[in-house]
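Below is one structure, written out as structure tokens, with a few remarks after it.
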2 protein chains.
Amino acid sequence: MNVETALQRLKEKGFKRTKQRERILEIFVKQDQYIAAKEILKEIQNDFPGVSYDTIYRNLYMLTDVDILEATELGGEKHFRLGCDTHGHHHHFICTTCGKTKSIEFCPMDSINENLHGYDVENHKFEIYGKCPQCH
Amino acid sequence: MNVETALQRLKEKGFKRTKQRERILEIFVKQDQYIAAKEILKEIQNDFPGVSYDTIYRNLYMLTDVDILEATELGGEKHFRLGCDTHGHHHHFICTTCGKTKSIEFCPMDSINENLHGYDVENHKFEIYGKCPQCH
DNA sequence: TCTCGAAATAATAATCATTACGAATTAAAT
DNA sequence: ATTTAATTCGTAATGATTATTATTTCGAGA
């Protein structure tokens, strides 16, 4: 996923193209890892000193809604990363030091054989935490 | 796990027995589900009008440290429940409406065969979200 | 039972992430 | 170029959590 593809998808959905959005997308395209809202704010303030959290969060949630980003909660903060729909649904190993991730293709929902009759499954989360080779 | 057993374990670890702790433990023993800090505060204020968040959080974290409680993050709030060490390590189905949980004995770490060589696994999270039969 | 020191609590303030809102600006359709 | 709704800015409010300090309480030992 590159910036232009993402902006194209936004256009289809009726969202406007703004400099701030371009910049947000650039950051995610450049870094393949979960990033906290405040990091995004800090980055963007280099180019747009006036951006507010309102802009950051509104866009992050909107981008998550249209499946360009995916979100998770790390240490009480929401983190976002580019959704890698290239290789479909998957999970992550997340480094507790640097935040970098490694994709895990295995999905536990495929192998689960618990009796969930009567339960309406909406979602699931499977994440492995630890140290990546660089931080070990 | 009952209140007395828990207090016994605290004593062994050198923690004192206080009315507030007894009350906190009672709440968890009575309700077999994840509870938010503010719910605990509300409950306890019936008996101890003056309790502060400080007391709540200090005790919840302490009880989690000694493995009496276990914690998870739901919708930006930390939730706690009595650790059910009766049937060992397991995961949960969590109802997104009422918060009640159903234990899942299946653990994905047992069946995973991804190459995690060089990665130091510290922890993992597997949770299924949805509607329980009562809320369906 | 009484005393004392450590641990725990109460009351309050501070911090941090997130959300909200009115006014001003801007993209893009006509 | 004009219009209009979407978007942003600037700032303030909210809500969960953490920190601080003075006071109280627990419980071990005299």
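A, B, ... follow the sequence lines: proteins, then strands. Residue 1 opens every chain. Just so it is clear, the structure is predicted and the values come from calculations on it, not from any experiment.
Terminal axes of the helix from C/dT1-D/dA30 to C/dT30-D/dA1 (five pairs each, C1' rotation axis) are separated by 20°, to the nearest 10°.
The pair B/E77-B/K38 meets the salt-bridge criterion, since a charged nitrogen lies less than 4.0 angstrom from a carboxylate oxygen. A salt bridge links B/R23 with B/E26; the closest basic N to acidic carboxylate O contact falls under 4.0 Å. With salt bridges taken as basic N to acidic carboxylate O contacts below 4.0 Å, none links B/E22 and B/K19. The pair A/E39-A/K42 meets the salt-bridge criterion, since a charged nitrogen lies less than 4.0 angstrom from a carboxylate oxygen.
Looking at residues two or more places apart in sequence or on another chain, you find a side chain to side chain contact (heavy atoms under 4.5 Å, CB included) between B/V121 and A/F93, A/I128, B/M109, B/L116. Residues passing the salt bridge (charged side-chain N to carboxylate O under 4.0 Å, His left out) test with B/K100, sequence neighbours excluded: none.
Between the CD1 atom in B/I24 and the CD1 atom in B/I68 there is a gap of 11.0 Å [rounded to 0.5 Å]. Atom-to-atom distance recorded for A/E114:CD and B/I104:CD1 is 4.5 Å, nearest 0.5 angstrom.
If you take CZ of A/R58 and C1' of D/dA5, they are 13 Å apart, rounded to a whole angstrom. Per the geometry, CD1 belonging to B/I56 stands 13 Å off P belonging to D/dT18, to the nearest Å. Counting to the nearest Å, the P atom of D/dA6 and the CG atom of A/N59 are 15 Å from each other. Here D/dT7 presents its C1' atom at 15 Å from CG of A/L60, a figure rounded to the nearest Å.
Transitive grouping of hydrophobic side chains (ILVMFWY, heavy atoms separated by less than 4.5 Å) brings A/L7 and A/I40 into a common cluster.
If you walk DNA chain C from 5' to 3' and mark each nucleotide with an atom closer than 4.0 Å to a heavy atom of chain A, the marks span C/dA17 to C/dA28.
Looking at heavy-atom distances under 4.0 Å, B/F48 makes no contact with the nucleic acid at all.
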Task: From CA spacing to verdict: side-chain contact (heavy atoms from CB on, under 4.5 Å), B/Q45, B/V51 - done: CA-CA 6 Å; B/Q45 284 186 327; B/V51 278; 3.6 Å; yes
TODO: Under the salt bridge (Lys or Arg N to Asp or Glu O under 4.0 Å) rule, what do A/E4 and A/K11 come out as? Steps first, then yes or no, please.
DONE: CA-CA 10 Å; A/E4 282 309 318; A/K11 190 172 186 178; over 6 Å; no
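With respect to A/P108, the side-chain contact (heavy atoms from CB on, under 4.5 Å) criterion is satisfied by exactly one of B/C107, B/S111, B/P108: B/P108.
When atom types are taken as modelled, the side chain of A/N46 and the backbone of A/E43 share a donor-acceptor pair closer than 3.5 angstrom.
Contacts between residues 16-26 of chain B and DNA chain C, counted as heavy-atom distances below 4.0 Å, involve B/K16, B/T18, B/Q20, B/R21.
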Which atom pairs link the protein and nucleotides 10-16 of chain D when you take only N or O atoms and keep those under 3.5 Å?
from	atom 1	to	atom 2	distance (Å)
D/dG10	OP2	A/G50	O	3.1
D/dA16	OP1	B/K38	NZ	2.6

